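For reference, the structure discussed in these notes is given below.
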Amino acid sequence: MAKKKLAKTVVCLGALGVASKVAYSKYKTAKETYAQEEADSVGDEVKKYNALFEKKVIEVEDEEFTGCEIKAVFSSIVVDLGLATFEKDVYINFTSTASSLTVILPEGVNAACDITRTASGMRNLVDNVEEEDIHTVYIIGKAVCSNIEVVPVNFYVDDEDDFEDISDDEAFEVVVDNTVTPKVDKTVISKENDDFDVTVAVEDDEDSENDEDDNDNNYSGNSDNIDVAVAVEPYGAEELEVQELEELDD
């Protein structure tokens with residue numbers, strides 16, 4: 001009995017080994033075919049982009065886009081046309097199997113989709129406009145167990161952009177110990193690894209009153225230490241780490 005079980009196990013392992021070799025051979029052949037199709041279409045008006053078990057980003061920058069054909073199998077493909085130019089209506093034809101396809105379009109271009117879906121998701125987030133000289137990208141294809149997205153350029157905005165372009169010359173109000181300080185002449189905000197660093201140079205007001213007995217406002221223009229900052233206006237940064245400034249610039 002033990003010998004029979006051992007023999008069956010050996011046969012099963014042998015069959016699995018053969019099946020693995022056959023599967024890998026088919027994968028290698030398909031991969032080479034996909035790559036050859038892409039290479040052969042480099043000089044064509046309608047280029048081909050293929051992906052098999054991979055992640056691929058296709059960027060068309062500062063040149064006319066004239067359409068393409070896409071094949072995706074167990075892959076993720078992004079076709080970024082945000083910096084492309086359009087001189088006429090164009091077509092994107094695709095087949096997608098267990099894959100994700102995202103098409104990014106620039107402003108001033110419409111999108112029309114005709115997609116046959118099987119257990120797949122589809123989103124077209126481009127707002128079409130009815131104006132003359134507006135070209136349309138027609139996205140036509142078949143999606144099986146896939147996710148298809150058509151989005152305008154800059155649709156996904158990084159949160160870090162909210163903290164850029166702060167002018168050194170613009171004055172802001174800073175909350176110090178629940179008390180609004182006088183205007184500051186410089187506020188610098190930086191974000192790294194989701195941590196906020198705030199540096200404030202407080203404007204010294206020579207006419208300000210330094211009344212040590214006033215508990216409602218403990219700010220002094222000549223104070224050596226100030227606990228800064230729970231919020232910065234108008235940017236509204238939340239839960240900023242309270243930092244102590246040892247020295248303040250005049």
Side-chain angles (χ1 to χ4, degrees), residues 27-165 191:
Y27 163 78
K28 187 176 180 181
T29 300
K31 190 79 170 177
E32 291 174 351
T33 301
Y34 278 18
Q36 189 61 48
E37 287 180 355
E38 279 199 17
D40 292 342
S41 71
V42 169
D44 296 342
E45 182 178 10
V46 178
K47 296 178 174 58
K48 295 182 178 181
Y49 303 111
N50 303 325
L52 179 63
F53 290 96
E54 62 180 309
K55 181 178 181 180
K56 179 175 290 188
V57 178
I58 301 154
E59 295 180 313
V60 180
E61 298 182 1
D62 301 326
E63 63 179 275
E64 181 184 357
F65 178 73
T66 54
C68 68
E69 295 180 3
I70 298 172
K71 283 192 290 188
V73 179
F74 291 97
S75 298
S76 173
I77 292 186
V78 176
V79 182
D80 188 351
L81 306 176
L83 297 178
T85 59
F86 294 81
E87 301 297 333
K88 60 181 180 179
D89 294 346
V90 296
Y91 292 83
I92 296 178
N93 296 283
F94 76 91
T95 58
S96 175
T97 303
S99 299
S100 171
L101 171 62
T102 301
V103 179
I104 302 174
L105 298 180
E107 295 181 358
V109 175
N110 290 339
C113 300
D114 183 6
I115 300 173
T116 302
R117 294 179 290 160
T118 303
S120 299
M122 166 65 198
R123 292 200 307 169
N124 180 8
L125 302 177
V126 174
D127 294 328
N128 292 340
V129 296
E130 296 182 2
E131 296 181 6
E132 294 184 359
D133 300 327
I134 297 294
H135 300 297
T136 301
V137 178
Y138 294 94
I139 302 171
I140 303 171
K142 181 179 180 180
V144 178
C145 299
S146 299
N147 183 57
I148 314 299
E149 274 193 334
V150 184
V151 299
V153 66
N154 296 329
F155 178 76
Y156 298 108
V157 179
D158 194 328
D159 292 338
E160 292 184 6
D161 293 342
D162 295 339
F163 300 96
E164 295 179 354
D165 301 328
K191 180 182 179 184

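Computed from heavy atoms alone, side chains included, the values below leave out hydrogens, waters and symmetry copies. Please read all numbers here as calculations on a predicted model, not as lab measurements.
- Without hydrogens or angle criteria, Thr118 side chain to Val144 main chain gives no donor-acceptor distance under 3.5 Å.
- With a 4.5 Å cut-off on side-chain heavy atoms, Asp114 and Tyr138 do not count as touching.
- Considering only heavy atoms from C-beta on, Phe65 comes within 4.5 Å of Ile92 through its side chain.
- The shortest heavy-atom contact between His135 and Asp89 is CA-OD1, 3.4 Å.
- Distance check, rounded to the nearest 0.5 Å: CG of Asp80 to OG1 of Thr102 gives 10.5 Å.
- Between the Ser75 side chain and the Glu54 main chain, a donor and an acceptor come within less than 3.5 Å of each other.
- Here CG of Asn93 is found 12.5 Å from NZ of Lys71. Values are rounded to the nearest 0.5 Å.
- No donor-acceptor pair closer than 3.5 Å links the side chain of Thr33 to the backbone N or O of Lys31.
- Checking side-chain atoms of Asn124 against main-chain N and O of Val126 turns up a donor-acceptor pair under 3.5 Å.
- Asn50 places no side-chain N or O within donor-acceptor distance of the main-chain N or O of Ala35, the cut-off being under 3.5 Å.
- Among Ile104, Leu125, Val109, the one residue that satisfies the side-chain contact (heavy atoms from CB on, under 4.5 Å) test with Pro152 is Leu125.
- For the pair Ser120 (side chain) and Ala143 (backbone), a donor-acceptor distance under 3.5 Å is present.
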Worksheet entry | Chi angles and distances behind the salt bridge (charged side-chain N to carboxylate O under 4.0 Å, His left out) call for Glu45, Lys88 | CA-CA 13 Å; Glu45 182 178 10; Lys88 60 181 180 179; 2.7 Å; yes
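- Once rounded to the nearest 0.5 Å, the distance linking CD1 of Ile77 with NZ of Lys55 reads 12.0 Å.
- Remark: side-chain polar atoms of Ser99 are not paired, donor with acceptor, to backbone N or O of Ser76 under 3.5 angstrom.
- Ile139 CD1 to Leu101 CG: the interatomic distance, rounded to the nearest 0.5 Å, is 7.5 Å.
- Relative ring orientation between Phe74 and Phe53 is described as parallel, the plane-to-plane angle staying below 30° on a 0-90° scale split at 30° and 60°.
- A heavy-atom distance below 4.5 Å is not found between the side chains of Phe86 and Thr136.
- One distance of note links CG of Asn147 with CZ of Arg117; it measures 10.0 Å at 0.5 Å rounding.
- Listed for the Thr85 side chain is a donor-acceptor partner under 3.5 Å among the backbone atoms of Glu63.
- Judged by distance alone, the side chain of Glu107 and the main-chain N or O of Val153 form no donor-acceptor pair under 3.5 Å.
- Remark: Lys56 NZ is packed, more than 12 non-hydrogen atoms of other residues, nucleotides or ligands lying under 6.0 Å away.
- Distance check: Leu81 CG to Cys68 SG gives 7.0 Å after rounding to the nearest 0.5 Å.
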